[in-house]
2 protein chains.
Amino acid sequence: MQNLAISIRISDDLFIKDPESTDLGKRIISKSIELLDELGFEAFTFKKLGAAIGSPESSVYRYFESKHKLLIYLMCWYWSWIEYKIVFGTINKSSDIERLKIAIEILTKPIKVDNSFIHVNEVLLNKIVISEATKVFHTKDVDKENDQGYFAVYKRMVQRVSELILAVNPSYKYPNMLVTTVIEGAHQQGYFAEHLPSITDKKRGKNRVCNFYSDLVSKMIS
Amino acid sequence: MQNLAISIRISDDLFIKDPESTDLGKRIISKSIELLDELGFEAFTFKKLGAAIGSPESSVYRYFESKHKLLIYLMCWYWSWIEYKIVFGTINKSSDIERLKIAIEILTKPIKVDNSFIHVNEVLLNKIVISEATKVFHTKDVDKENDQGYFAVYKRMVQRVSELILAVNPSYKYPNMLVTTVIEGAHQQGYFAEHLPSITDKKRGKNRVCNFYSDLVSKMIS
DNA sequence: ACAAATATAATAGTAATACTATCATTTTGC
DNA sequence: GCAAAATGATAGTATTACTATTATATTTGT
């Protein structure tokens with residue numbers, strides 16, 4: 001089957017030169033995902049990235065002004081992609097409940113390979129989101145970066161799911177809290193399952209996390 | 001009223017020399033809490049801390065081998081303190097439900113000043129936990145540090161609250177997931193309320209977060 | 001096809017960070 | 001009052017996160 005001719009559009013402010021516009025740019029994105037997964041954000045440097053793609057670090061700096069901005073770029077990409085999956089996944093569904101159920105599944109189930117965007121490995125990107133995404137918010141520059149709109153995609157996606165909740169129960173008072181609790185909670189469970197298993201209840205059976213949070217949402221809004 | 005003659009005991013592995021054992025050590029703890037709150041973890045350095053207490057950075061290094069270890073030390077202190085509050089707060093309570101309710105309140109309500117430990121400002125420490133605690137887990141060294149027992153206090157506290165849940169409903173299948181969802185969710189709501197208010201539902205009324213999570217727990221286990 | 005514009009490579013340099021090391025001085029415990 | 005321990009003063013190192021400069025390669029418009 002042919003791929004859709006779409007691409008994820010990211011705010012200009014997050015890069016100096018659009019990485020989607022050149023071959024080197026795409027290799028920067030592609031390799032940075034692999035390296036971030038492999039090394040973690042702290043040990044990841046533009047020098048290592050440059051070495052991995054066979055270019056000097058100065059070339060990387062022509063695309064991104066810092067590794068922090070690159071991480072924000074990747075998070076924006078990820079949330080745009082999730083938003084797209086939610087929008088497409090809920091189109092033409094018959095009931096509000098079903099639409100909400102699908103959105104929660106997309107947010108809490110393990111990510112499957114997706115070949116629509118060849119230079120982005122969504123499975124690795126999801127791992128990076130789980131391990132590193134909090135570092136995007138938890139900085140002394142949050143407020144400034146929020147003003148500059150860097151978190152707009154994330155916030156819009158939260159709003160969208162909140163609206164699905166309100167469609168099911170228009171009088172529910174805490175849709176945003178519920179959505180962020182689910183999203184961040186699901187990521188956290190994934191991380192704990194891998195690194196601090198004693199404080200999860202994950203067993204052999206798959207999708208416990210998805211079931212837990214799906215159940216949580218339906219109990220909270222009914 | 002006289003203070004209880006207790007002190008929070010922290011694992012030896014987290015420091016080189018026990019900061020509780022000397023005056024300089026206590027000033028290191030006290031000032032590091034203020035500075036971490038003021039600067040954030042990234043901009044916080046032992047050099048700045050040294051300057052703030054009028055000592056060279058080499059003296060700070062005699063107590064802690066890195067700022068990362070110092071942060072873990074502070075998190076351990078915090079969770080030990082919370083655990084102590086839960087244990088004392090639930091003693092002599094008549095019902096399991098009431099004990100659980102108290103624990104959830106301790107975990108989700110804003111922290112009030114506590115003068116039991118003069119060199120620790122618990123209100124600031126709570127702010128640091130909200131802003132920086134994820135950085136303690138989200139490192140490439142998690143597994144190693146977990147093996148060394150650095151997160152034992154946190155895990156034990158989670159277990160304890162899980163047991164309160166199981167006391168109320170012995171057949172509930174996901175007590176740990178529920179507890180970590182509540183703890184980390186409540187912190188997150190505090191952070192979002194301050195920095196990304198559009199995705200919270202916090203209004204004028206206080207204790208919305210506590211009410212939300214108390215409600216969540218009771219709905220999930222009943 | 002060719003000059004001009006643009007992108008990239010190669011290299012160097014800087015201030016700050018996260019430490020380690022050494023030795024002198026002060027404090028303390030007996 | 002003396003030895004041991006704690007602290008201060010100072011120096012040094014490898015790495016990081018950049019910026020800057022110049023040279024070379026590649027693309028583009030005509």
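In what follows, every chain begins at residue 1, and chains take the letters A, B, ... in the order their sequences are listed.
- Distance F46(B) CZ to dC19(C) C1': 10 Å, rounded to the nearest Å.
- The listed nucleotides are dT8(C), dA18(C), dG8(D); the one nearest the side chain of L24(A) is dT8(C).
- Note on S55(A): every side-chain N or O is 4.0 Å or more away from OP1 and OP2 of dT8(C).
- What separates CG of D23(B) from P of dT26(C) is a distance of 19 Å, to the nearest Å.
- When distances are taken from the side chain of P56(B) to each of dC19(C), dG8(D), dA6(D), the shortest belongs to dG8(D).
- Y63(A) comes within 4.0 angstrom of sugar-phosphate atoms only, judged by non-hydrogen atoms across all strands, and of no base.
- Note: CZ (F44(B)) to P (dA16(C)) measures 18 Å, nearest angstrom.
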- Message: Assess the residue pair E105(B) and C210(B) against the criterion (side chain to side chain contact (heavy atoms under 4.5 Å, CB included)); give the C-alpha distance rounded to whole Å, side-chain angles, the decisive distance to 0.1 Å, and a yes or no.
- Response: CA-CA 6 Å; E105(B) 279 174 10; C210(B) 176; 3.8 Å; yes
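- Across the protein-nucleic acid pair, E42(B) atom CD and dT16(D) atom C1' stand 14 Å apart, rounded to whole Å.
- Considering only side-chain atoms of Y61(A), the nucleotide from dA17(D), dA9(C), dT7(D) that sits closest is dA17(D).
- Note on K31(A) versus E34(A): salt bridge recorded, some NZ/NE/NH1/NH2 to OD/OE distance being below 4.0 Å.
- Listed nucleotides dC18(D), dT7(D), dT8(C) differ in distance to S59(B); the shortest reach to its side chain belongs to dT7(D).
- Open room surrounds NZ on K47(B); 12 or fewer heavy atoms of other groups in view lie less than 6.0 Å from it.
- Within the 4.0 angstrom heavy-atom criterion, base atoms lie near S58(A).
- When distances run from any side-chain atom of K48(B) to the nucleotides dT17(C), dT7(D), dT20(C), the shortest one goes to dT17(C).
- Each of Y84(B), Y154(B), F117(B) was scored for a ring-ring contact (aromatic ring centres under 6.0 Å, His included) with W77(B), with one residue passing: F117(B).
- dA6(D) atom C1' lies 15 Å from atom NZ of K26(B), rounded to whole Å.
- Within the 4.0 angstrom heavy-atom criterion, no nucleotide atom of any strand lies near K47(A).
- Following rounding to the nearest Å, I16(B) (CD1) and dA18(C) (C1') show an atom-to-atom distance of 13 Å.
- OP1 or OP2 of dA7(C) has at least one side-chain nitrogen or oxygen of K17(A) nearer than 4.0 Å.
- When the P atom of dT16(D) is taken as reference, atom CG of L70(A) falls 16 Å away, rounded to whole Å.
- Note: CZ (R62(A)) to P (dA17(D)) measures 19 Å, nearest angstrom.
- The side chain of E57(A) lies closest to dC18(D), out of dA7(C), dC18(D), dG8(D).
- The ring of F64(B) has its center closer than 6.0 angstrom to the ring center of Y73(B).
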